[in-house]
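Chain letters run A, B, ... following the sequence lines, proteins first, then strands; residues in each count from 1. Computed over heavy atoms, backbone and side chain alike; hydrogens, waters and symmetry mates excluded.
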Amino acid sequence: MTVLDVKDLSVDFATEAGTLQALRKVSLEVPANRIVGIVGESGCGKSTLINAVLGLLADNGAVTAGQILFEGKSDLVHLDGNGMRALRGQKIATVFQDPMGALNPVLSVGKQMRDIQYRSGLSRKAKDALSVEMLRKVRIPDPERRLAQFPHEFSGGMKQRIAIAMALLMRPSLLIADEPTTALDATLEVAIIELLKELQKQIGCSVLFISHHLGVIAELCDEMIVMYAGEVVERGSTRDIFHNPRHPYTKKLLDCDPARLSRREPRLPTIPGTLPDLRNRPKGCVFQARCEFADDACSTMPPDRAVSASHVARCWHTDETAGAAA
Amino acid sequence: MTTEPLLSVSELRVRFRIGGMMSALAGRRTEIEAVSGVGFTLERGQTLALVGESGSGKTTLARAVDGLQPAAGGSIRFEGRELRDLPKKDWKPLRRKMSMMFQDPVGSLSPRLSVRSLLAEPFAIHGLSGRSLEAEVERLLALVGLPRDFADRYPHQLSGGQARRVGVARAVALDPELIIADEPTAGLDVSIQGEVLNLLNDLRDRMGLSMLIITHNLHVVRQIADRMAVMYLGRFVEEGETEAIFRAPHHPYTAALLSANPEPDPDKVHNRIALSAEVPSLLDRPSGCEFHTRCPFAQAICRTQAPAPSAVGSSRLTCHFPLNGGPSAVEAIAAS
Amino acid sequence: MSEQALIERQPRERIGKAGRVLRRILREPLGAFGLTLVVIVVLSALFADVLTSYPPTKLAPAERFAPASLQHLLGTDHLGRDLFSRVLHGGRIALAIALGATGLSLIGGIVLGLIAGYGPRWLDNLMLLLFDAIKSFPTVMLALTLVTLTGPSLLAVLIVVVLVNVPGYARIIRTQTLVLKSAEHVMAARSMGASTARILTVHILPNVIGPILILASMDIPVVVAIEAGLSFLGLGVRPPLPSWGAILNDGFVNIRDSYWIVVAGGLPIILTTLGFTFLGETLRDVFDPRLKRRE
């Protein structure tokens, strides 16, 4: 079953200087029980995509086309405020970069975790028992005692664990994690990744994991989606994409990661050029201005070409990009 | 050229007072030592990277070297001159030779000043307005690869990478000897990180700069630094040549940091050295070797006796049981 | 790194800043209304001599308590003085005091606030204590004390208003300066060797002045009211100089027979206060990004 199915989603923002097309024909699937990563640089539309899924687009933004199907039925695009609120925090949970966004500084952790379970109808004791169990799962030592503590009494890494515990408390079917490890040190980052992996298996939810860190995506995700300038340029299994990238942007992005270099290089690879102005999108392929494969064909919008059964790239030149130095 | 290193720091200590009068009355400790007896030398043309987790004291150390944070002990010698307790007026000429880049690419630029004013500022501060400022601004923009018309932009109109370039341009404006860069690539996309590192490497080679880089990103260290120093709780635990340390870290903490780097390869099998517990508080430093609370290899002696500094290969480190023989040995121990 | 930030970061087309602000003010109904009132009040005060046919202090015993007519647009008072002329000339005094006092308070508040925020801790504590001490005096008490010492005068009003306003402005500037003191762009300026004066004027002041300018524009009506109040009590502008507060007082005594005097004194106070308040609030909406409405 597919937990989240986004089909041809387009989102526009009205700005002072004209309409900005933030997402164009974005399609992606998050199958049940899988961890799907979204990778892309600033301005690629990751945040807009999540906000669209959560029904939290800014007032000047609107979905102009497409569908967001959750668990195969409800189209989140047309869901009203109440319906959306019933899903958020219960069926769709979120973890963000800053755990303090999820934690109220003036309430104890135990109280906040009880509040999340307001729909469960359990007794206070039963709720606390569940909270303790969840805190133990995210490896907070001595959870019974720590339930009474306030967020500021925890370290940064622990706060993020608590935020994850709170997100998973209601056993959601989808966890959206938006750069949850970006603000953490590497040692804590790997600990969180390993924790997420384990929890996902235990709880059996799907995870949509957003990161700009290729290493984290490679280690954590089963499938991945590469975004550029508001479009999904390539999607497939993590292995396919890291070993056989077919969109020129993906290739370049992977090449840029200094983590792939095992020694000092005189010149680090970069991607020359800049993002196109999203108010004035180029006709056709969005990457053509920075692409070495670009030709006349690229001035018409490329199709989502299937490279293999589960591997799709939005490019006219997927045949030429095969095997060309990765 | 003298044989004296450009910068030599020894036994440097920086303390912060925390809490107020009340906690002092209550008999609680009111001072923490964020940098605790650190020493290193930086030769001309060299790049040294300070690495460590947040709270390890690397930024404080850099600010102490730059005179933004008073030192409580030790010495900082720049071109043979003692900087500690240097009177304010004597600092000013030194500011031309030493420039610092701060962490936030946009936030370290004054928000109401245009790029032109930002780039002209070092000249204005040091009374060099006699030169043609407009020409200098153009020269600097060209140096960091920004188009001329960027002179009229304001910081909020710049992307992180562009703002970082402006920061670099301003840092090299007066032809300094030393650049101190606090997380020069933090918050930048990978493709932009490469550009900034290439730029810094270029400028270093062209202008003969020395650099002190603070970062928690080990991949950056490998691409830019000749030497690296790993900080833990305000002290160096290992210091040596970058390549040598990457090949064979000797301190368990260094090894743990190196192994904690997620790599962009889905098939990579990770043999991580898991660090137990949290970073201890500076208010309550552990006894003996301060790393023993998290070290997977800690023995009885580590809990009671602080290790003396020793030299292993080209590295200096403080550890009772240094790791030998490179990462494979680390993995062997980690697996056992 | 949110897209929202990126969207807002795109360079805008260059329209004159003042023009853009004006357009935005006029787009808001209250803003347009406020601006119109303010323009009317300011123009009529500026051109008081041209617009009126009687000097404001000319007595005409024969025409005492005349109701509004074509000769006397707002009627006359108990001494036969033309109220229309007194109101317009009173506007000059009201605006002069309001603008002068607010301007002086701004300068004082900015200087003291920068010193308190950027200077050493002990000085900051001392100045805060001083600000609180002044603030704890009720305005009227302060005015009474001052007037007892110096006698009622324009200057006394000015001093009272400045004394009352400075601590508030200084506190706001101080708090923001304190925040910016450790901001990276200020650290960067220090690291380049910038002098304290340069840091304060180039790197801090331009970033803290916005909110206080808006606050000051909203304080102008308060000052108008203070001046009117003090003059009403006989503690401010001395007769025969025209002042709205004094007119109000004259009318108050004769309110049973000649209601128009109170109207003549009260209406301009209300209109000016409303005008500046609406304008100030609109300005705040235009400038303060936290309260700005999305477009």
Side-chain angles (χ1 to χ4, degrees), chain A residues 39-44 141 154-158 181-191 193-194 211-222 224 237-243 249 252-275, chain B residues 51-56 145 159-162 185-202 205 216-226 242-243 246-247 253 256-268 270 272-279 281 294:
Chain A
V39 71
E41 302 184 279
S42 336
C44 73
F154 294 86
S155 68
M158 294 238 250
T181 60
T182 304
L184 300 175
D185 282 309
T187 48
L188 296 173
E189 180 169 53
V190 293
I193 294 171
E194 277 162 12
S211 179
H212 66 278
H213 193 326
L214 291 165
V216 170
I217 297 272
E219 188 163 342
L220 178 67
C221 301
D222 308 308
M224 69 185 278
S237 75
T238 307
R239 201 167 265 117
D240 277 344
I241 290 185
F242 273 99
H243 293 321
Y249 173 67
K252 283 191 185 293
L253 185 68
L254 293 179
D255 283 345
C256 279
D257 191 347
R260 285 167 84 94
L261 308 169
S262 55
R263 61 193 167 84
R264 186 160 174 177
E265 294 289 330
R267 281 212 83 72
L268 294 170
T270 61
I271 308 179
T274 53
L275 270 180
Chain B
V51 302
E53 294 173 281
S54 40
S56 59
S159 70
Q162 293 162 346
T185 59
L188 301 178
D189 288 318
V190 277
S191 63
I192 312 291
Q193 277 182 18
E195 285 177 26
V196 169
L197 292 178
N198 285 342
L199 177 65
L200 284 174
N201 274 334
D202 269 3
D205 296 346
H216 67 273
N217 186 336
L218 289 165
H219 301 303
V220 167
V221 174
R222 193 168 209 174
Q223 294 306 323
I224 196 163
D226 308 304
T242 305
E243 267 312 309
F246 267 83
R247 268 200 310 275
Y253 181 60
L257 282 186
L258 288 175
S259 78
N261 247 326
E263 278 174 51
D265 179 358
D267 296 325
K268 164 104 182 168
H270 295 275
R272 290 227 163 92
I273 302 176
L275 293 184
S276 47
E278 301 259 324
V279 183
S281 157
R294 302 174 75 196

Note, Arg264(A) side chain near Thr242(B) side chain (heavy atom, < 4.5 Å): no
Interatomic distance, Thr270(A) atom OG1 to Asp189(B) atom CG [nearest 0.5 angstrom]: 13.0 Å
Region of Asp205(B) that comes under 4.5 Å of a non-hydrogen atom in chain A: neither
Pairs of heavy atoms under 4.5 Å with chain B: top-ranked of Thr274(A), Leu184(A), Leu261(A): Leu261(A)
Distance, nearest 0.5 Å, that separates NE2 of His213(A) from CG of Asn217(B): 7.0 Å
Non-hydrogen side-chain atoms of Val220(B) and Pro258(A) separated by less than 4.5 Å: no
Thr187(A) side chain near Arg294(B) side chain, heavy-atom distance below 4.5 Å: yes
Closest-packed option against chain A by number of heavy-atom pairs under 4.5 Å, given Glu243(B), Gln193(B), Glu195(B), His216(B): Glu195(B)
Residue pair Phe242(A) / Pro266(B): nearest heavy atoms and the distance that separates them: CB-CD, 3.5 Å
Proximal component of Ile224(B), with respect to chain A [non-hydrogen, under 4.5 Å]: backbone
Backbone N/O of Asp265(B) and side chain of Glu219(A): donor-acceptor pair under 3.5 Å: no
Contact origin within Glu53(B) toward chain A - heavy atom pairs under 4.5 Å: both
Close side-chain approach of Val190(B) to His212(A), heavy-atom, < 4.5 Å: no
CD on Gln223(B) to CZ on Arg263(A), rounded to 0.5 Å: 9.5 Å
Test item: Glu263(B) and Asp257(A) side chains (from C-beta on) under 4.5 Å apart, heavy atoms: no
Chain A contacts, top residue of Asp267(B), Leu218(B), Asn261(B) (heavy-atom pairs, under 4.5 Å): Asp267(B)
Nearest-0.5 Å distance, NE2 of residue His219(B) to CG of residue Leu268(A): 12.0 Å
